[in-house]
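Remarks on the structure that follows.
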Amino acid sequence: MKVAFIGLGNMGSGIAQRIAAGGFDLTVWNRTQSKMTPLVERGATPAASAREAVADADVVFTSLMDDQSIFGILQAEDGILAGMKPGAIHVCVTTISPDCADRLARLHEEHGSHYVSGPVVGRPDAAASGQLMTYLAGAADAIAKATPVCESYAKQVIAISDTPRIANCMKLCINFNAVALIELMGESYVLAEKCGIPLEHLRDFYQQSAFAHPAFKMYAEKLRARDFAGRGGFVMKGGLKDVRLMLSTAGSVGIDLEIGRIVERKLDAGISAGMEETDWSAFYEITRREAGLG
């Protein structure tokens with residue numbers, strides 16, 4: 001299988017190295033020519049342009065910065081569509097907008113080629129060691145053809161949908177979790193520091209207990225199934241009491257827990273709607289209502 005890889009930044013270079021190590025016939029191109037050298041030393045073929053790189057490729061991978069950069073290289077005179085052969089597959093591993101994925105799918109359909117969204121989850125060091133996760137969305141036969149290449153850099157390859165944008169929506173959900181957890185931990189560290197708690201104890205809680213705790217797995221399923229019966233759990237009125245204790249304690253040391261304020265508002269709304277005896281995680285229903293999901 002002939003593979004082209006375009007975009008050799010921190011993430012792209014690691015992915016391309018794994019593809020090269022997987023024994024695929026790899027051609028690479030990057031605007032900064034020097035970034036191709038490590039791949040060429042591993043047996044990849046350098047190209048003078050994106051058009052040249054993709055000319056014989058069965059599968060074309062792009063790892064670029066954003067929506068604009070992808071369209072710039074895709075539609076350029078010496079770009080991807082100018083050189084891509086009919087029936088070839090374009091896999092984009094970048095975090096892009098769902099609307100961008102829709103447009104890419106249309107452009108490839110008009111061109112006679114195929115588009116698969118393949119955003120990756122993980123850091124550049126995980127890319128270099130083949131430990132990424134990737135979600136693939138697009139036509140089933142295109143996903144099947146691209147999967148062996150994806151397996152060279154991802155320990156988990158998950159075909160999620162035949163609609164490309166779904167993979168990008170999934171990646172945005174994952175990234176939202178990451179940034180929200182960072183904010184949550186940050187607010188917690190500030191509260192701990194203000195209260196005089198040695199921060200290594202909170203670190204140890206995160207590293208040794210929190211993220212492996214069965215309660216988090218339980219809540220993941222509760223929210224998915226919308227199973228909020230109060231039996232054997234922690235009811236909403238108790239949750240509101242605890243959140244207000246958190247907020248008042250934070251206020252006493254001069255800080256505001258912004259996420260806590262959001263949760264307080266939703267718990268209060270849930271209780272006003274008659275959910276005081278349901279599991280406290282039922283404030284998820286307020287989030288759904290505010291999103292127009294009923």
Side-chain angles (χ1 to χ4, degrees), residues 10-11 95 119-127 129 131-133 169-291 293:
N10 289 338
M11 184 66 78
T95 300
V120 294
V121 180
R123 293 164 57 85
D125 54 351
S129 60
Q131 297 299 303
L132 294 173
M133 173 189 293
C169 291
M170 181 67 185
K171 177 62 189 300
L172 293 174
C173 287
I174 291 171
N175 281 9
F176 174 69
N177 274 266
V179 74
L181 281 169
I182 290 168
E183 171 62 17
L184 174 65
M185 288 189 289
E187 291 186 17
S188 299
Y189 271 124
V190 170
L191 175 60
E193 190 172 359
K194 283 279 193 174
C195 291
I197 301 170
L199 296 186
E200 60 267 24
H201 294 294
L202 196 54
R203 176 206 60 200
D204 293 346
F205 167 72
Y206 289 134
Q207 292 184 342
Q208 299 172 18
S209 302
F211 299 126
H213 198 283
F216 286 98
K217 297 179 182 180
M218 177 268 291
Y219 282 123
E221 176 56 20
K222 269 189 172 295
L223 269 62
R224 185 205 64 81
R226 298 174 67 195
D227 175 16
F228 302 117
R231 58 187 184 277
F234 187 49
V235 296
M236 192 176 287
K237 62 182 180 182
L240 180 59
K241 179 264 296 181
D242 280 11
V243 169
R244 284 178 172 164
L245 285 174
M246 299 167 201
L247 292 171
S248 64
T249 301
S252 72
V253 293
I255 64 170
D256 182 31
L257 300 178
E258 294 181 67
I259 291 176
R261 294 289 176 195
I262 294 170
V263 174
E264 179 190 35
R265 175 180 63 78
K266 292 184 178 181
L267 285 170
D268 195 38
I271 290 171
S272 296
M275 295 190 288
E276 65 271 10
E277 295 298 330
T278 60
D279 189 272
W280 72 325
S281 57
F283 71 82
Y284 168 65
E285 292 295 332
I286 305 302
T287 306
R288 295 186 79 256
R289 292 178 190 180
E290 291 177 354
L293 292 174

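Atom CD of Glu183 has more than 12 neighbouring heavy atoms from other residues, nucleotides or ligands inside a 6.0 Å radius. The environment of Asp204 atom CG is dense: over 12 non-hydrogen atoms of other residues, nucleotides or ligands sit within 6.0 angstrom.
Between Cys195 and Val253, the closest heavy-atom pair is SG-CG1, 4.4 Å. Contact between Thr249 and Ser252 at its shortest, heavy atoms only, is O-OG, 2.6 Å. Of all heavy-atom pairs between Ser281 and Lys222, the closest is OG-CD, 3.9 Å. Ala192 and Leu202 get closest at one heavy-atom pair: CB-CD2, 4.0 Å.
Within the 4.5 Å cutoff, side-chain heavy atoms of Arg244 are placed close to those of Asp268. Using a 4.5 Å heavy-atom threshold, the side chains of Lys266 and Val263 count as separate. By the 4.5 Å heavy-atom criterion applied to side chains, Trp280 and Tyr219 are counted as neighbours. Under the 4.5 Å side-chain criterion, counting only non-hydrogen atoms from C-beta, Leu240 is in contact with Ile271. Proximity of Val121 to Lys171: side-chain heavy atoms (C-beta onward) are separated by under 4.5 Å at one or more points. You'll find the side chain of Leu132 reaches within 4.5 Å of the side chain of Met11, heavy atoms only. Between Arg226 and Tyr284 the shortest side-chain heavy-atom distance falls below 4.5 Å.
A distance of 9.0 Å separates CG of Leu257 from CE of Met246, quoted to the nearest 0.5 Å. Atoms CD and CG, from Glu276 and Leu267 in turn, are 12.0 Å apart once rounded to the nearest 0.5 Å. Here the CG atom belonging to Asp279 is positioned 8.5 Å from the CG atom belonging to Asp227, to the nearest 0.5 angstrom. Note: Glu285 CD to Met236 CE = 8.5 Å, rounded to the nearest 0.5 Å. From Leu172, atom CG reaches atom CG of Asn177 across 11.5 Å, with rounding to the nearest 0.5 Å. Here Arg288 contributes atom CZ and Leu293 contributes atom CG; the two are 4.5 Å apart, rounded to the nearest 0.5 Å.
The pair Arg261-Glu258 does not meet the salt-bridge criterion, since no charged nitrogen lies less than 4.0 angstrom from a carboxylate oxygen.
Judged as a side-chain hydrogen bond (donor to acceptor under 3.5 Å, both in side chains), and not counting sequence neighbours, Arg203 has no contacts.
Using bins of under 30°, 30° to 60° and over 60° for the plane-to-plane angle, the ring pair Phe211/Tyr206 lands in the parallel bin.
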